[in-house]
Amino acid sequence: MKKGIAGLMAVTMAASVLTGCGNSSEETKEDGKITLKVALWDYSNLQYFKTMFDAYTKENPNIMIEPIEFAADEYDNTVTTQLGGKQDFDVVFTKSTPALSALIAQGHVIALDDMIAADESFDSANYLGLMEQLQMDGKSYSVPFRKDNTMLFYNKDLFDAAGVEYPHDGMTMEEYYELAKKMTSGSGNEKVYGTHLHTWPSCVYNFPRRLDKFSQTDSESYKNLVDYYNIVLKMQDEGLLMDYGVLKSSNIHYSGVFYNQQAAMVTMGSWFINNLMENVKDFNWGVCSMPNFEGEGNISAVGGVTPVSIGAYSKHPQEAWDLITYICGEEGAKVLAESGIVPGYSSDAINAVFDAIPEKCPNAPEKLSQYIDVPKYLAETPMGKDSKRIDTILKEEHGAIMTKSISVEEGLQKMLDRIAEAQ
């Protein structure tokens with residue numbers, strides 16, 4: 001997962017799950033307190049979970065929170081298996097919209113519409129349209145905890161040394177190609193690539209997806225991927241970006257490529273802000289909106305969404321809703337923003353946090369809020385009962401296209417044929 005860190009010790013986590021999940025409603029109370037069981041990943045590695053949970057329980061002394069942590073790499077499958085056994089998780093984090101779609105289809109999370117209607121303090125408008133995009137069959141099953149904007153990150157120092165102007169909002173794909181060409185230099189271990197694309201299929205389809213010109217569930221829109229694949233393959237052939245096959249076989253991570261200044265640009269989600277704040281001090285970096293053939297600027301954002309839901313077998317759904325509205329509201333959003341993580345919740349206060357980042361990290365760009373608070377957000381994968389299967393098909397055929405095992409047109413047609421067969 002884009003935001004995940006390496007998996008944790010399976011035996012320790014299994015013990016935690018086994019001791020925490022089989023309790024009756026009476027056993028979830030201790031000294032009159034209610035214990036909320038929260039299924040999530042990377043709890044041990046991410047301070048912001050602890051910060052917001054501690055703040056919530058301080059304000060709500062009748063509540064205890066029991067984080068139940070699973071390995072990030074296997075989270076989707078593990079939490080689905082646990083819920084299949086009717087484990088009584090109160091709050092369930094999911095890693096993506098395909099994973100959430102699968103949980104909804106299997107009846108493992110509950111619809112939240114009645115709670116939303118009864119909660120006068122909850123305003124769906126604070127989520128920039130994502131509440132509606134996360135609906136299934138007209139019902140809401142989650143609230144966005146995090147969201148991301150896929151942007152073009154660039155190394156200012158490399159551009160300054162080459163005497164080349166920085167990337168900018170509204171670049172066309174042709175301009176992006178020419179810029180990558182100018183910024184490619186050297187050879188062997190000393191080579192600097194003009195740009196970098198990681199191995200996810202979203203690294204290609206998010207170019208048109210940001211403008212709502214591609215959707216995994218719209219077969220007609222697949223033709224809009226042809227030109228994007230062609231120009232990406234052209235850059236790969238000319239050595240302007242690292243070869244897909246090498247990246248896969250060597251398991252090369254995008255962060256190391258950019259940290260080590262082996263690439264002048266990289267397209268990546270806004271979680272990379274947090275990574276750069278923590279790991280890069282020796283060069284200046286900037287961001288701009290992703291290029292596209294139309295030359296449209298910073299008018300919309302596309303990226304992954306981290307939804308939070310109430311488990312279908314929760315013993316305390318109302319208390320779970322209260323916790324969700326806290327961590328997904330302004331209080332939790334401020335904690336995320338202070339770490340450089342873009343929350344699902346949007347407000348002027350959150351924008352101010354992002355604009356203050358250069359005070360802590362002088363090598364970061366100013367006015368980051370303009371890429372956080374945009375007119376429109378699109379989830380990179382739309383909700384749908386077949387989203388998870390479609391996502392798997394796209395990953396497999398994307399690899400075939402990028403390694404030139406099949407042509408672009410053949411690969412896209414194979415995606416459509418396989419999707420049709422799976423439905």
Side-chain angles (χ1 to χ4, degrees), residues 3 5 8 12-13 16-17 19-21 23-70 87-94 110 112 115-116 118-124 126-127 142-147 271 274 277-278 306-311 314-354 356-357 359-360:
K3 302 177 273 289
I5 306 174
L8 303 169
T12 302
M13 288 185 298
S16 171
V17 171
T19 57
C21 295
N23 300 339
S24 68
S25 58
E26 288 78 16
E27 290 173 319
T28 60
K29 293 185 178 181
E30 182 177 322
D31 298 329
K33 294 184 178 182
I34 291 174
T35 298
L36 295 179
K37 299 175 181 177
V38 181
L40 74 179
W41 66 95
D42 280 344
Y43 175 79
S44 300
N45 298 312
L46 298 173
Q47 180 60 40
Y48 60 70
F49 280 130
K50 302 178 183 69
T51 300
M52 62 181 68
F53 289 172
D54 288 347
Y56 180 80
T57 53
K58 185 176 181 179
E59 289 188 18
N60 299 271
N62 63 313
I63 300 292
M64 296 176 65
I65 296 175
E66 180 185 353
I68 300 176
E69 182 176 13
F70 298 103
Q87 297 292 1
D88 57 342
F89 302 141
D90 297 292
V91 175
V92 180
F93 282 77
T94 40
I110 66 172
L112 305 176
M115 292 180 177
I116 292 171
D119 190 343
E120 295 181 358
S121 66
F122 185 82
D123 187 356
S124 295
N126 290 322
Y127 300 90
S142 67
V143 179
F145 175 65
R146 290 177 52 173
K147 63 179 180 289
W271 70 83
N274 167 264
M277 287 173 61
E278 293 184 353
T306 303
V308 188
S309 305
I310 297 176
S314 166
K315 300 295 194 299
H316 310 290
Q318 191 58 54
E319 289 84 358
W321 170 251
D322 191 66
L323 175 59
I324 287 174
T325 57
Y326 182 90
I327 63 177
C328 296
E330 189 157 87
E331 295 88 348
K334 285 179 181 177
V335 175
L336 288 177
E338 290 286 352
S339 299
I341 299 294
V342 182
Y345 182 93
S346 179
S347 72
D348 290 342
I350 303 307
N351 292 340
V353 173
F354 277 94
I357 284 177
E359 296 174 12
K360 297 186 292 184

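All values below come from the heavy atoms of this structure, side chains included, with hydrogens, waters and symmetry mates left out. Just so you know, these numbers come straight off a predicted model, no measurement behind them. Start at 1 with the first residue, then count along the sequence.
- By the side-chain contact (heavy atoms from CB on, under 4.5 Å) test, Q318 pairs with M115, W321, sequence neighbours left out.
- The two residues S44 and K50 have their closest heavy-atom pair at O-NZ, 3.5 Å.
- Note that OG1 of T51 is 13.0 Å distant from CD1 of I327, once rounded to the nearest 0.5 Å.
- In this structure, CD in E69 is found 9.0 Å from CZ in F49, a value given to the nearest 0.5 Å.
- From I310, atom CD1 reaches atom CD of E319 across 9.5 Å, with rounding to the nearest 0.5 Å.
- A heavy-atom distance below 4.5 Å is not found between the side chains of S142 and T94.
- K37 NZ to M64 CE: the interatomic distance, rounded to the nearest 0.5 Å, is 12.0 Å.
- Sorted by first then second residue, the salt bridge (Lys or Arg N to Asp or Glu O under 4.0 Å) pairs that include residues 333-353, not counting sequence neighbours, are E338-K360.
- Residues meeting the side-chain contact (heavy atoms from CB on, under 4.5 Å) test with E359, sequence neighbours left out: A356.
- Among all heavy-atom pairs drawn from I350 and A337, the shortest one is CG2-CB, 4.0 Å.
- Qualifying side chain to side chain donor-acceptor pair (under 3.5 Å) partners for E331, counting only residues two or more places apart in sequence or in other chains: none.
- Taking 4.5 Å as the limit, every side-chain heavy atom of T306 sits out of range of all side-chain heavy atoms of W271.
- When all heavy atoms of E330 and A349 are compared, the closest pair comes out as OE2-CB, 3.9 Å.
- Applying the side chain to side chain donor-acceptor pair (under 3.5 Å) criterion to T57, with sequence neighbours excluded, gives no partner residue.
- Between I116 and F122 the shortest heavy-atom distance is CG2-CD2, 3.9 Å.
- Interatomic distance, CG of L46 versus CG of L40, reported as 8.5 Å (0.5 Å rounding).
- Applying the side chain to side chain donor-acceptor pair (under 3.5 Å) rule to Y56 yields the partners D322; only residues at least two apart in sequence or on another chain are considered.
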Practice problem: Applying side chain to side chain contact (heavy atoms under 4.5 Å, CB included), run through L336 and M52 and close with a yes or a no. | Solution: CA-CA 9 Å; L336 288 177; M52 62 181 68; 4.0 Å; yes
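- Between L36 and the options N60, I324, L323, a side chain to side chain contact (heavy atoms under 4.5 Å, CB included) holds for only L323.
- Here the side chains of V91 and I65 are not in contact, with every heavy-atom distance at 4.5 Å or above.
- Counting only residues at least two apart or on different chains, the ring pair (Phe, Tyr, Trp, His ring centres under 6.0 Å) pairs with a member in residues 331-351 are Y127-Y345.
- To the nearest 0.5 angstrom, Y48 atom OH is 10.0 Å from F53 atom CZ.
- With hydrogens and angles disregarded, a donor-acceptor distance shorter than 3.5 Å links the side chain of D119 to the backbone of S121.
- Minimum interatomic distance between P317 and I110 (heavy atoms only, all atoms of both residues): CB-CD1, 4.4 Å.
- T325 places none of its side-chain heavy atoms less than 4.5 Å from the side chain of V143.
- For D54, there are no side-chain contact (heavy atoms from CB on, under 4.5 Å) partners two or more places apart in sequence or in a different chain.
- The two residues K147 and S346 have their closest heavy-atom pair at NZ-CB, 4.4 Å.
- Every residue two or more places apart in sequence or in another chain that forms a side chain to side chain donor-acceptor pair (under 3.5 Å) with S314 is listed here: D90.
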